[in-house]
Every structure is written in structure tokens, then in C-alpha cells.
Amino acid sequence: MKPPRYWLFKSEPSVFSIDRLAKMKKAPWDGVRNYQARNFMRDEIKLNDLVLFYHSSVQPAGIAGLARVVKESYPDAGAQDKNSDFYDPKASAKRPIWFMVDVEFVKKFSRLVTLSELKSDPAFKGMMVIRKGVRLSIQPVSKEHFERICGLGS
DNA sequence: GCCAACGTTGGC
DNA sequence: GCCAACGTTGGC
């Protein structure tokens, strides 16, 4: 088996939070409607990959905990459901367009590792999430950055 | 709530 | 296939 890879998934906690995932234990990561993020989900994200759960659009923003991929990509049903917030009229069973993976709760950090912390620590230089203008909701993370964040969060 | 920076759409 | 207009993201 290939070693697990590392990712950062963004979510607005008012929509979906680490606490919600902790209660649910496992959940589909649905609603991704950006092609670059979709490609990561569909092609790159593999079983047992580890995910930094990032809370965006809150004060302070930051990484709240960890999740693990427990199911590789499959079509995002919401895209084909007129009643879904994520409905896309161009998607169909034949051509689903959008994909999602399932993640399970691993842990909530004992404290939020904030965005400003990441920005002020030279060890995180070059990390996508702190780069200006990068708003991709699914990002690859290096092993080094992943491990350092885990250290800061526990 | 503002707005910069980005992604997508659609007319041509 | 260009690019202006529009919509969205997300930190502040």
C-alpha cells in the first residue's frame, strides 16, 4: 500500500464543522464545485489519506482537527438533485461531473491552529492555504507541514 | 459588510 | 479562443 497522502479540506463551520463530523463519525464531503478541487477528489485522494479539517470564514480561521478518507471518489448525488443547494443542471447519471469522497472523524485538535499562526511561522512558507489569492477548497499538504500542524494542535 | 482575487460564463 | 462581465470565496 502506498503511504497516505495529506490534504487540507476547507469548510465553513456554519455549513459543516469538525464537531458535526465528530457526531456523525463519517460523512461524505459533498458540494465541491470547482474543477481543480474536483480533480484532486476524483484522481488523487486515496483511501486512508489524512485530512486537515480547516474552518474558513470564521474568526479566527484555522485547522480544527483531523479526518481520514474512508471511501474514494464517487459521484456527488447533490449535483443531480434539483432540491440540493449544489444542484448542477449539467450533471447527469451518465456524466456526473462532480465527485466526492467520504471522510471519518479522527480527532479534534485540543486547540485551533490558526491561519495567522501558519502565516507567522517560517516553517509553513509556501503552504497553499497561506498564499494570497489561493481559495482552492481542497489542497495537497506536504508531510512536513502536516506533521508540524499536528504537533501544534495537540 | 467590504472588497481583492479568483473562476466561470457567454457574446463575439 | 478572447475577454468583459459576472459570481464566489474568504480574510479582514
Side-chain angles (χ1 to χ4, degrees), chain A residues 5-24 27-45 49-69 73-103 105-142 144-154:
Chain A
R5 288 193 284 182
Y6 307 97
W7 304 93
L8 179 146
F9 286 12
K10 289 185 190 172
S11 177
E12 296 187 29
S14 61
V15 178
F16 187 69
S17 68
I18 187 93
D19 291 327
R20 202 48 204 299
L21 181 61
K23 282 207 192 85
M24 295 172 69
W29 199 274
D30 62 354
V32 170
R33 294 294 178 270
N34 167 282
Y35 285 103
Q36 211 182 336
R38 189 279 310 266
N39 292 346
F40 281 136
M41 287 216 137
R42 191 190 54 190
D43 307 331
E44 308 278 342
I45 299 180
D49 281 0
L50 290 167
V51 174
L52 298 169
F53 197 126
Y54 181 87
H55 282 177
S56 66
S57 293
V58 282
Q59 193 54 250
I63 294 151
L66 297 181
R68 177 187 295 111
V69 175
S73 74
Y74 60 107
D76 185 332
Q80 296 169 50
D81 175 2
K82 276 200 171 66
N83 298 316
S84 165
D85 289 343
F86 306 121
Y87 177 61
D88 181 345
K90 294 198 289 298
S92 66
K94 232 182 190 157
R95 216 171 70 90
I97 304 179
W98 304 112
F99 292 82
M100 57 189 182
V101 300
D102 286 354
V103 297
F105 176 76
V106 174
K107 69 185 281 195
K108 184 181 179 179
F109 285 160
S110 51
R111 64 179 198 86
L112 189 78
V113 179
T114 66
L115 182 63
S116 64
E117 251 179 283
L118 300 184
K119 283 178 172 170
S120 64
D121 185 339
F124 294 113
K125 195 162 184 289
M127 196 179 172
M128 264 184 130
V129 73
I130 60 174
R131 229 138 74 195
K132 189 182 160 89
V134 173
R135 50 187 216 199
L136 195 60
S137 63
I138 304 283
Q139 306 176 356
V141 173
S142 73
E144 292 68 29
H145 289 161
F146 179 86
E147 283 170 357
R148 188 169 176 91
I149 286 166
C150 289
L152 290 171
S154 45

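Labels below follow one simple rule: chain letters A, B, ... track the order of the sequence lines, proteins then strands, and each chain is numbered from 1.
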With a 4.0 Å cutoff (strictly under), does any side-chain N or O of [X] reach OP1 or OP2 of [N]?
| X | N | value |
| --- | --- | --- |
| A:Lys119 | C:dC12 | yes |
| A:Tyr35 | B:dT9 | no |
| A:Lys10 | C:dG10 | yes |

Parallel, tilted or perpendicular, as decided by the 30° and 60° cut-offs, for the rings of A:Phe124 and A:His145: tilted

A:Ile45 backbone acceptor or donor facing A:Arg5 side chain under 3.5 Å: no

Flag, side chain of A:Ser11 to backbone of A:Phe16, donor-acceptor distance under 3.5 Å: yes

Nearest-nucleotide pick for A:Lys90, side chain only, options being B:dT8, B:dT9, C:dG10: B:dT9

Validation row, ring centre A:Trp98 to ring centre A:Tyr35 under 6.0 Å: yes

Whole-Å gap separating [atom2] ([N]) and [atom1] ([X]):
| X | N | atom1 | atom2 | value |
| --- | --- | --- | --- | --- |
| A:Gln59 | C:dG11 | CD | P | 9 Å |
| A:Glu12 | C:dG11 | CD | P | 9 Å |
| A:Trp98 | B:dT8 | CH2 | P | 7 Å |
| A:Ile138 | C:dG10 | CD1 | P | 11 Å |

Close residues, residues 126-136 of chain A, relative to DNA chain B [heavy-atom separation under 4.0 Å]: A:Lys132, A:Gly133, A:Arg135

Qualifying residue for ring-ring contact (aromatic ring centres under 6.0 Å, His included) with A:Trp29, from A:Phe99, A:Trp7, A:Phe53: A:Phe53

Lys/Arg-Asp/Glu bridge criterion (N-O < 4.0 Å) met for A:Asp76, A:Arg38: no

